Amino acid sequence: MIITDVLCPFCGDLCDDIIVEVENNKIIEVKEACETGVSKMMGHERIAAPMIRENGKLRETTYEEAINKAAKILVNSLRPLIYGWGSTTCEADEKGIELAEKLGAIIDNTTSVCHAPSVLALQNVGLPSCTLGQIKNRADLIIYWGSNQAEAHPRHMSKYTSFSKGLFTKEGRKGKHVLVFDVRKTTTAEVADDFIQLDPGEDYRVLSALRMILAGGEDIVPSCVGGVPKEKLIEIVDRMKSSRFGVLFFGMGLTQSRGKPYNVANAISLVRELNAHTKFAVIPMRGHFNVTGFNQVCAWATGFAFAVDFARGQPWYNPGETSSVDVLNRGECDSALIIASDPAAHFPRKCVEHLKKIPLIQIDPCPGPTTELADVVIPVAITGIEVEGTAYRMDGVPLRLRKIIEPSHLSDEEILSRILDKVRELRGD
Amino acid sequence: MELLIKNGIIYDPLNRIGGEKMDILVKDGKIVSRVKNPKVIDAGGRLVMPGGVDMHTHIAGGKINVGRMLRPEDGRRGIEPRRKLTRVCTGYSVPNTFATGYRYAKMGYTTTFEPAMPPLLARHTHEEFRAIPMVDKGGIPLLDNHWLIMEYIKSGDMDKLTAFIAWMMNATKGYGIKIVNPGGAEAWGWGKNVKSLDDIVPNFDITPAEIIHGLAEANERLNLPHSIHIHCNNLGHPGNYDTTLATFDLVKDVASEKRQVMHATHVQYHSYGGSTWADMDSKADEIAKYINSHDHVTIDPGQVMFGDTTTMTADGPMEHELHMMSKRKWTNKDVELETGSGIIPVFYSRKVSINSIQWAIGLELALLIKSPWKTALTTDHPNGAPFTRYPEIISLLMSEKRREEALRNVHDAINKRAIIASIDRELNWEDITIMTRAAPSKILGLDKYGKGQLGIGADADISIYDISPEEEDPRKIQSALSHAKYTIKGGEIVVKDGEIVAVPEGRTYWVNPEFDGETTKDMLDDLAVKFKEYYSVNLANYPVQDAYVPHPVEIKTKV
Amino acid sequence: MLVKLTPKKAFRIPVEAENIKPDNFAGKGKSGIESITVCHGNKEVILGSLFDVEVKGVGNEKETKILIDGDASRIKRIGERMTSGEITINGNVDMHCGALMSGGKIIVNGDADAWAGREMRGGEIMVEGNAGHYLGAGYWGVEKGLRCGIIRVKGNAGDYVGEHMAGGEIVVQGSAGLLPGLNMSGGKIMIEGDAILPCGEMKKGIMIIKGKILEMLPSFRFDGTEVIDSIELKKFTGDLAIGGSGTLYANFVSEE
């Protein structure tokens, strides 16, 4: 059976033009997707059955026992942390937030370790932006800042930016100028028209210099800023001002370098000020396929986009305090539920050490370093392959993930629902 | 479940009941004439009305949610903890979905319409509808800047235009046709705007006037329950009232027997005289004069109230102008081929001449337009103020004394550049019931589907307020309207003594127009090209799936 | 009136104790104070279960002095929204100490964690040790951090000192971290040691750096020298990238 218009559950581009061939409830071929997408969709090693750690070893058990154990751990905690949500549906996110609210837990997603600065910058200065189709049809100046999407979002340039064609961009690549800012010459930089190499940690200063020049104060700016000669900066500002429609995409090179949210706010402000001269947009290059969706759900359900602490029965939002890395780093939480993410593989050492010390529940289709630390492991179906539901593309466009094959396991949403029911039962309401 | 509400003083203008003591009977969610074993509510001479209908409130979707993300400082206002029945509440001007539902219900409102749904992001609006408890909902898709719409109007292909709109209602699970600064969103794609009804939209060789007229005609051909719903060009510009009047005049040749052919929204922002902010004045009288002498247009004022709030609209260039003036944080979101939007926080100050005049104009429109059937009360939530300010606005409309008090604390400019001080009209409960229930329901075309009225067969959406209709103290009025004694939604008591006692999910109204299959096929060929060449998503993934509308009310129409 | 709170044990899970402030303690006896609630994780507990409470004398909030005799490095929000009286902490203190306070005095005989004096509207905070990030800063999304009052830090301060500060005064006797005075629109910050990238997007206000600016933003204009506290300092105006007219004084600017 051939299934068309399938969404790829890999990166924030959420490509929706994938063609999948299925035979005997097994995916045998994936077309149109990038290599990583194909690999994700073709399948990986799975966790076969629920497991509980006893005497230091995981043993297989039933869903019921694993869910009961998970609920008991959470109910008996003073400060549980619920973290992950990079690769699941918005429907699961909604359940997770309800669970956190019920428990008085902290709920946070992977935004915390990638684009938290983008959210904080939005709160500071706003975000003039657009959907990716707007870029495809109009943009003649494309800037990537600290983002190597040639590797992280492989089809981005061909579908939406450098190589795409649209109503007002009929010439494709020929009619576009592509500019890359980064600390090293990335694959993306190699196919750009111009590469600006920044000294590490100098993003804020270079952005200030660009804004200074845009404000008409080039005489104030020193001859070299952050490794970039002033003449080059002036040339860039001229190019920005004279574009018809410009766009600045930024990635973790900007969000995670010194000054984090303020780098992003400075970049957004530059774009904002360019709108007095021409049309300009800015888009964060979000990583996982539905990391944006969690922010959306969390915002409508709690008023805040991530890092929400329900300890007091009401939301307290304070990234830097209520964000998972900070909570773990300070050893504040006394249990954790990790879903659709693998923090043991990505978090700083001190955080992982705390995860080792506390009761840990993992909900995931696939085993990973977090499984090694978990006390309760609950396997689930793969979202976007075995489970349908909503995901938000990096630009906030919501699409419905498809179910392509029959699942062998329960979905994230179902597991969370059952934990929530069990928590209610244990709490006696 | 059955209910008997006795000893209430009933206001039900759609059934010509204006303050009569009579019983209301409820069974299976509807108003009925007979019950067997009802639960009895003794209203004890209190005011009883149909549940409130807010026909223009930005409660769900991409804009309000970015508003929430943009403003954690607003989020931490109005925080209420989780309780046994209710989820956490946050926000003042950008409340979370739960607070939105609870706060409406506590004021006795049961129906709310989101009037700016970007088609590509309609799925998001419906997701938030699912998360707003208590009230029934509907979403009106933004269609006027859509490339295919502009192309069909330009080529005069009314059949395909109509077919496309019919398809869009299905694809977005939408309720009608929203127009926002027609041509402006497309021009804003290049950082530009349109300045008059006759400006040419860049690259599309069409004018705002042509877009408006074309959509009004298509709207009537499809027999949609609601008319076109327009946010006129030139919002917020001194001297814009003549654009507004010309917009009204554009569609007077479009015929409808049942109702208006244009609903102009938040007209307060479109009733300015003068040529700069220094001489901007109220032209509410000119607008009212037109409305009073024509029957094809209805309005809502978009009342401004003093204080902090968040503006959000599909009018992207206008929000950018606001940003250039205030320099406050600003978001913009262009939506490919379709529309755009912008958000900026605002503080309306009684010490500022312009804000004081804006405040006055909203009240003036409601008071100078003679027939309350032509005005639905709105703040254009949260643009003019959060919807939670309605009780205060109603008390101002009902009491000249309260207005006089208020006038003492606003900018002097109001005496020269506004009309409010000279108006002595005081609205009565019948007027208020019309403006907050019967009129919005009728304007939306929902009166026939049992909203905004208490006739036999109507939805049992009822509000009972802890006040006698005789009461004249405006502060008591405000307080009673803020905390309904009872709100009954679909026959279920959901609010008692101002507290939530049940949390139903609410339904979603959408319109499914039937249209000629052959033309639809041709239109779909054109649409397929748009998706193949220009959209960033595939056509197959575009329409909102049924899963997003768990409690639909489908209204079918025929050409 | 003197109230002494001695922590019964060290906490890992933080206590949220905005109720520890003279406004709540004034006029109460030992048992009254012991029964005041605070949050420990997601549970509400009474102060008496976490602290030994001693009370001497009586008085109104202005006359109330609270002494926390021990480590408060896991007690958040001490003195939040306090309006008068005095709190002394004989040890380190956790986040949000003195946040939104509008009067009175807090003395920290140790280090203060992040957000000390956040959105403060009046009063005084004295930190004998070091201060964490966001000293006297704003909350996410707000346009005003410290509005009025004074914060003194004897040691060093972390990043973003006085972020969005709109009035009042901050004195850091040691050095400050990254981007002090960010988005500042009023008030005065004195840093006796060094600072990195001071005054980004500053609109108004004064920053005096008696030590070195280790890295300087490219959007400030050099406007000669001035003598302040008998030291000749270089004067800069900015942040000109946003049309700001703040004043930045520094003894020395590192050349890279």
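Proteins get letters first, then strands, A, B, ... in listed order; numbering begins at 1 in each. These figures come from a predicted structure and were not determined experimentally.
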Counting heavy-atom pairs under 4.5 Å to chain A, which of Tyr542(B), Trp188(B), Tyr535(B) comes out on top? Trp188(B)
Do Thr90(B) and Tyr317(A) pair up side chain to side chain, a donor and an acceptor below 3.5 Å, judged on atom types alone? no
In terms of heavy-atom pairs under 4.5 Å, which option from Ser164(A), Pro398(A), Cys298(A) contacts chain B the most? Pro398(A)
Among Lys84(B), Lys327(B), Arg130(B), Glu73(B), single out the residue with the greatest number of heavy-atom pairs under 4.5 Å to chain A. Arg130(B)
Say whether Glu114(B) and Thr57(B), considering side chains only, have a donor N or O and an acceptor N or O under 3.5 Å apart. no
Using only non-hydrogen atoms and a strict under-4.5 angstrom cutoff, which residues of residues 331-344 of chain B touch chain A? Thr331(B), Asn332(B), Lys333(B), Asp334(B), Val335(B), Glu336(B), Leu337(B)
How far apart are the closest heavy atoms of His156(A) and Leu132(A), and which atoms are they? CE1-CD2, 3.9 Å
Among Lys102(A), Lys165(A), Glu94(A), which residue has the highest count of heavy-atom pairs closer than 4.5 Å to chain B? Lys102(A)
Salt bridge between Arg68(B) and Glu128(B), side-chain N to carboxylate O under 4.0 Å? yes
Over-ring placement of Arg272(A) relative to Trp330(B), 6.0 Å and 45° cut-offs: no
Between Phe310(A) and Trp316(A), does a ring pair (Phe, Tyr, Trp, His ring centres under 6.0 Å) hold up when you go through it step by step? CA-CA 6 Å; Phe310(A) 285 110; Trp316(A) 166 242; over 10 Å; no
Check whether Phe280(A) gets within reach of chain B through its side chain, its backbone, both or neither, counting any heavy atom under 4.5 Å. neither
Find the one option among Ala305(A), Gly313(A), Ala281(A) whose heavy-atom pairs under 4.5 Å with chain B are most numerous. Gly313(A)
Specify which of Arg123(B), Met69(B), Arg82(B), Arg71(B) makes the most heavy-atom pairs with chain A at under 4.5 Å. Arg82(B)
Donor-acceptor pair between Tyr548(B) and Arg400(A) side chains, under 3.5 angstrom: yes
Taking atom types as modelled, find out whether Asn193(B) and Asn181(B) have a side-chain donor-acceptor pair closer than 3.5 angstrom. yes
So which residue, Arg328(B), Glu127(B), Arg83(B), ends up with the most heavy-atom pairs under 4.5 Å with chain A? Glu127(B)
Under-4.0 Å salt bridge between Lys279(A) and Asp140(A): no
Judged by modelled atom types alone, do Asn538(B) and Asp5(A) share a side-chain donor-acceptor pair under 3.5 Å? yes
Consider only side-chain N and O atoms of Asp526(B) and Tyr152(B), and report whether a donor and an acceptor are under 3.5 Å apart. yes
Residues His124(B), Trp300(A); criterion ring pair (Phe, Tyr, Trp, His ring centres under 6.0 Å); working and verdict: CA-CA 11 Å; His124(B) 183 166; Trp300(A) 81 56; 5.5 Å; yes
Can you tell me if Asn65(B) and Gln296(A) form a side-chain donor-acceptor pair at under 3.5 Å? yes
Highest number of heavy-atom pairs under 4.5 Å with chain B: which of Lys159(A), Arg402(A), Glu388(A)? Arg402(A)
Return the option, out of Ala547(B), Ala131(B), Pro72(B), with the maximum number of heavy-atom pairs under 4.5 Å with chain A. Pro72(B)
Close aromatic pair by centroid cut-off 6.0 Å: Phe387(B) and Tyr104(B): yes
By a 4.5 Å heavy-atom criterion (distance strictly below it), what part of Ile97(A) contacts chain B: side chain, backbone, both, or neither? both
Under 4.5 Å from any heavy atom of chain B, what part of Ile268(A) do you find: side chain, backbone, both or neither? neither
Which portion of Asn203(B) sits near chain A, non-hydrogen atoms under 4.5 angstrom: side chain
Does Lys530(B) make a cation-pi contact with Trp147(B) (under 6.0 Å, within 45 degrees of the axis)? no
Option in Val282(A), Thr131(A), Asp395(A) with maximal non-hydrogen atom pairs under 4.5 Å from chain B: Thr131(A)
Measure Glu533(B) against the heavy atoms of chain A and call it side chain, backbone, both or neither at under 4.5 Å. backbone
Please state whether the side chain, the backbone, both or neither of Tyr534(B) comes within less than 4.5 Å of a heavy atom of chain A. both
As an exercise: rank Gly75(B), Gly67(B), Pro81(B) by heavy-atom pairs under 4.5 Å with chain A and give me the winner. Pro81(B)
Considering only heavy atoms and a distance below 4.5 Å, find which of Val397(A), Thr390(A), Leu399(A), Thr302(A) pairs most often with chain B. Thr390(A)
Under the side-chain hydrogen bond (donor to acceptor under 3.5 Å, both in side chains) criterion, do Tyr392(A) and Asn295(A) qualify, and how do the steps go? CA-CA 9 Å; Tyr392(A) 283 71; Asn295(A) 298 135; over 6 Å; no
Does a side chain donor of either Ser112(A) or Asp108(A) reach within less than 3.5 Å of an acceptor in the other side chain? yes
Against chain A, residues from residues 91-101 of chain B with at least one heavy atom under 4.5 Å, in numeric order, are Asn96(B), Thr97(B), Phe98(B)
